[in-house]
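Report on one structure; see the data block that follows.
Computation of the quantities below employed the complete heavy-atom set of this structure, encompassing side-chain atoms and omitting hydrogens, waters and symmetry-equivalent molecules.
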Amino acid sequence: MSEKSRELMQTFGKLLQNRAFIMSVGHQPGMGGHGGPGGRGGQMRLLHLLYQAKNGLTNADIAEMLDIRPSSVSAGISKLADAGLAERVPSENDKRAVIVKLTDQGRQMFDQYDERVDDWSEKLFGSLSDEEQTQLRDLLTKVTHHVGDLKLDEFMPNHHNWPHRGMGPMGQRPRW
């Protein structure tokens with residue numbers, strides 16, 4: 001690894017150790033890797049999806065769009081409904097279907113959340129000029145595309161043989 005590449009890895013490492021940065025990135029729409037709508041990240045994904053769908057969605061639509069089980073959709077909707085953020089209304093077109101929509105309170109909550117994300121983004125990237133922000137976006141996009149071509153097996157050749165996450169061969173902690 002060249003010195004410049006190692007410095008870049010260390011710089012990314014410092015950024016990824018910053019809790020505020022990780023929390024803000026993790027709460028972005030599409031970043032809800034916290035399971036289905038039952039978890040907090042999943043609830044934000046569901047809230048965002050319903051926010052975009054002004055006329056509401058069926059459970060089946062939501063399950064397909066979020067690529068999750070219908071039971072997970074029902075659990076997520078129930079949590080949002082219990083909090084007063086979403087409601088189930090009978091479909092006017094299909095008497096068997098139920099449409100899920102955000103309540104006014106749900107829309108207001110998402111608007112406030114969206115404003116906080118905008119404020120945080122401005123604080124984080126405000127020290128960069130428009131040109132620098134464009135360059136950073138383009139460079140990160142390029143790295144993101146390239147990282148998809150890399151194979152974890154090349155970095156950690158025996159990771160799939162380990163008994164469970166965080167442990168090395170024969171139950172030993174790896175030395176990194």
Side-chain angles (χ1 to χ4, degrees), residues 1-54 57 61-69 72-73 76 79-80 102 106-107 109-176:
M1 176 184 292
S2 73
E3 188 64 29
K4 287 189 186 276
S5 293
R6 183 167 294 278
E7 287 175 8
L8 283 170
M9 287 295 277
Q10 289 172 346
T11 301
F12 272 107
K14 288 177 186 175
L15 188 60
L16 294 175
Q17 289 176 356
N18 182 297
R19 186 178 179 135
F21 177 77
I22 291 299
M23 294 291 288
S24 63
V25 169
H27 282 87
Q28 294 300 299
M31 296 298 293
H34 310 297
R40 283 188 74 78
Q43 287 176 350
M44 284 309 297
R45 288 174 56 206
L46 179 55
L47 199 65
H48 184 250
L49 188 64
L50 292 172
Y51 185 83
Q52 291 176 315
K54 305 298 183 204
L57 297 166
D61 292 334
I62 295 168
E64 184 178 330
M65 293 170 142
L66 295 179
D67 193 25
I68 57 174
R69 295 185 319 268
S72 296
V73 172
K79 287 183 180 186
L80 291 179
L102 285 186
R107 289 202 170 283
M109 181 186 154
F110 192 83
D111 284 336
Q112 290 171 353
Y113 169 78
D114 211 30
E115 285 177 31
R116 284 195 314 270
V117 169
D118 286 346
D119 290 345
W120 180 254
S121 297
E122 282 301 317
K123 288 177 183 175
L124 183 61
F125 299 112
S127 65
L128 301 175
S129 68
D130 287 346
E131 182 179 317
E132 289 170 327
Q133 289 183 34
T134 299
Q135 288 175 332
L136 179 60
R137 185 203 62 222
D138 292 348
L139 291 171
L140 289 175
T141 299
K142 188 175 184 177
V143 170
T144 300
H145 289 351
H146 179 68
V147 79
D149 296 335
L150 301 177
K151 295 178 177 73
L152 183 60
D153 291 346
E154 293 174 3
F155 180 67
M156 299 171 51
N158 295 318
H159 81 280
H160 56 279
N161 293 328
W162 293 0
H164 51 79
R165 186 176 291 187
M167 299 300 283
M170 294 180 270
Q172 302 164 349
R173 289 230 171 257
R175 295 187 195 228
W176 55 76

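- With values rounded to the nearest 0.5 angstrom, Lys123 atom NZ is found 6.0 Å from Asp119 atom CG.
- In this structure, His146 and Val143 have side chains that are not in contact, with every pair of non-hydrogen atoms separated by 4.5 Å or more.
- Closest non-hydrogen pair, Gln133 versus Leu128, comes out as NE2-O, 3.2 Å.
- Side-chain contact between Leu49 and Ile62 is present, with at least one heavy-atom pair separated by less than 4.5 Å.
- Sparse packing is recorded around CG of Asp67, with 12 or fewer heavy atoms of other residues, nucleotides or ligands lying under 6.0 Å away.
- Considering every non-hydrogen atom in both Phe110 and His48, the closest pair reads CZ-CD2, 3.0 Å.
- No option in Glu64, Met65, Gln52 other than Met65 meets the side chain to side chain contact (heavy atoms under 4.5 Å, CB included) test with Leu57.
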* Asked: Between Leu80 and Leu47, does a side chain to side chain contact (heavy atoms under 4.5 Å, CB included) hold up when you go through it step by step?
  -> CA-CA 8 Å; Leu80 291 179; Leu47 199 65; 4.2 Å; yes
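- With hydrogens and angles ignored, the 3.5 Å screen pairs no side-chain donor or acceptor of Gln43 with any backbone N or O of Lys79.
- The 12-atom threshold is exceeded at NZ of Lys54, counting heavy atoms of other residues, nucleotides or ligands nearer than 6.0 Å.
- Contact detail for Leu140 and Phe12: the closest heavy-atom pair is CD2-CZ, 3.6 Å.
- For the pair Arg69 (side chain) and Ala63 (backbone), a donor-acceptor distance under 3.5 Å is absent.
- Between atom OG of residue Ser127 and atom CD of residue Glu122 there is a gap of 10.5 Å, rounded to the nearest 0.5 Å.
- Atoms CG and CG, from Leu46 and Leu50 in turn, are 4.5 Å apart once rounded to the nearest 0.5 Å.
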* After noting the C-alpha distance and the side-chain angles of Phe125 and Leu136, does the key distance pass the side chain to side chain contact (heavy atoms under 4.5 Å, CB included) rule? -> CA-CA 10 Å; Phe125 299 112; Leu136 179 60; 4.0 Å; yes
